[in-house]
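Here is the structure we will look at.
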Amino acid sequence: MRIPFLFLLLLFSSFQTVEAQVTLSQARSNYLSIATDECKALELSKMFEKKQPSDALLKAYYGASSAAAPACLSNPMDKLKYFRKGKDLLDESVKQQPAQVEIRFLRFATQTKAPSFLGYNDNLEEDKRIILKHFAAYARTDGNAMMSKHIARFMIVSGQLSNSEKSTLNSVEK
């Protein structure tokens, strides 16, 4: 009788320690809040560390938040570690789903914000091209309305688009 009781106790306690996966809605919301509080990036990265995502889009959010986390760190080695982890996760996500607009946007945004001395800006044109090519379909997909407006706004003010490229996205922002 004692062994089944211990087994049930261990089983129950293991269910309580399982961490929930960060949802896409949580990832989007927390990522967008980085604009007003840079330290939200570190918080989001730590949320993902508890249960690392296998989904390419969530992995991209993990990468983007990790790459932005150094703004809230003081140790230069930690800053570099987080940035490199983020860069690797973003590049891995792009390889998993190369035509996914949101993944390309997260890498594009990270590369436009990354300090030039880090040398992480080689994919801006490629990401921009993929985003512009697939943006209309992405924006029409259920659940993407809020994010598509954010992507359009960010890209328009990024300084990376021509006037004709801006006009392509401008209609979505309104």
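Values reported hereafter were calculated over all heavy atoms of this structure, with side chains retained and with hydrogens, waters and symmetry mates removed. Numbers for residues simply follow the sequence, beginning at 1.
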Common cluster, Leu80/Leu73, ILVMFWY with side-chain heavy-atom separation under 4.5 Å:
no
Using only atom types and a distance under 3.5 Å, with no angle test, would you say the side chain of Ser65 pairs donor to acceptor with the backbone of Tyr62?
yes
Between Met146 and Ile156, is there a shared hydrophobic cluster once you connect ILVMFWY residues whose side-chain heavy atoms come closer than 4.5 Å?
yes
List the steps, then state whether side-chain hydrogen bond (donor to acceptor under 3.5 Å, both in side chains) holds for Gln100 with Tyr138.
CA-CA 8 Å; Gln100 215 286 0; Tyr138 170 83; over 6 Å; no
Which pair of heavy atoms, one from Arg104 and one from Pro98, lies closest together, and at what distance?
NE-O, 2.8 Å
Of all the heavy-atom pairs spanning Met147 and Glu102, show the shortest one and how long it is.
CG-OE2, 3.6 Å
Quick one: do Glu165 and Leu169 satisfy side-chain contact (heavy atoms from CB on, under 4.5 Å)? Show the steps, please.
CA-CA 7 Å; Glu165 291 168 335; Leu169 296 177; over 6 Å; no
Grouping I, L, V, M, F, W and Y whenever their side-chain heavy atoms are under 4.5 Å apart, do Met47 and Leu42 come out in a common cluster?
no
Heavy-atom closest pair, residues Leu58 and Pro53
CB-CB, 3.6 Å
If only side-chain N and O atoms count, and only distance matters, is there a donor-acceptor pair under 3.5 Å linking Thr23 with Gln26?
yes
Could you please spell out the steps behind the side-chain contact (heavy atoms from CB on, under 4.5 Å) verdict for Phe105 and Asp127?
CA-CA 7 Å; Phe105 163 71; Asp127 290 343; over 6 Å; no
Under a 3.5 Å distance rule, please check whether Ser158 uses its side chain to pair with a backbone N or O of Met155 as donor and acceptor.
yes
Are Leu44 and Tyr82 linked, directly or through other ILVMFWY residues, by side chains that come within less than 4.5 angstrom of each other?
no
Evaluate side-chain contact (heavy atoms from CB on, under 4.5 Å) for Leu106 paired with Leu90, printing each intermediate quantity in order.
CA-CA 8 Å; Leu106 291 167; Leu90 281 165; 4.0 Å; yes
Cationic N near anionic O, under 4.0 Å, Arg129 to Glu126
no
Side chain to side chain contact (heavy atoms under 4.5 Å, CB included) filter on Ser93, not counting sequence neighbours, yields Lys59, Ala60, Ile103
Indicate, with yes or no, if Leu57 and Ile34 share a hydrophobic cluster defined by side-chain heavy-atom contacts under 4.5 Å among Ile, Leu, Val, Met, Phe, Trp and Tyr.
yes
Might you work through the side-chain contact (heavy atoms from CB on, under 4.5 Å) test for Ser33 and Glu43, ending with a clear yes or no?
CA-CA 11 Å; Ser33 68; Glu43 288 178 30; over 6 Å; no
Heavy-atom count check: over 12 atoms from other residues, nucleotides or ligands less than 6.0 Å from Lys113 NZ?
no
Do NZ/NE/NH1/NH2 and the carboxylate oxygens of Glu49 and Lys46 come within less than 4.0 Å?
no
Heavy-atom side-chain contact between Lys51 and Val22 under 4.5 Å
no
Can a side-chain donor-acceptor contact be found between Ser164 and Ser162 if the only test is distance below 3.5 angstrom?
yes
Set of side chain to side chain contact (heavy atoms under 4.5 Å, CB included) partners for Lys87, sequence neighbours left out
Phe83, Asp91, Tyr120
Could you check whether Tyr61 and Phe48 have their ring centres less than 6.0 Å apart?
no
Heavy atoms of Gly143 and Arg28 approach each other most closely as O-NH1, 2.9 Å
If I compare all heavy atoms of Ala71 with all of Glu38, which pair ends up nearest, and what's the gap?
CB-OE1, 3.7 Å
For Ala67 and Thr110, which heavy atoms make the closest approach, and how far apart are they?
CB-CG2, 3.6 Å
Distance (rounded to the nearest 0.5 Å) between Lys128 NZ and Lys133 NZ
15.5 Å
Measuring from atom CZ of Arg107 to atom CD1 of Ile131, what distance do you get when rounded to the nearest 0.5 angstrom?
9.5 Å
Stepwise side-chain hydrogen bond (donor to acceptor under 3.5 Å, both in side chains) check, Asn123 with Gln111:
CA-CA 8 Å; Asn123 307 104; Gln111 288 190 0; 2.9 Å; yes
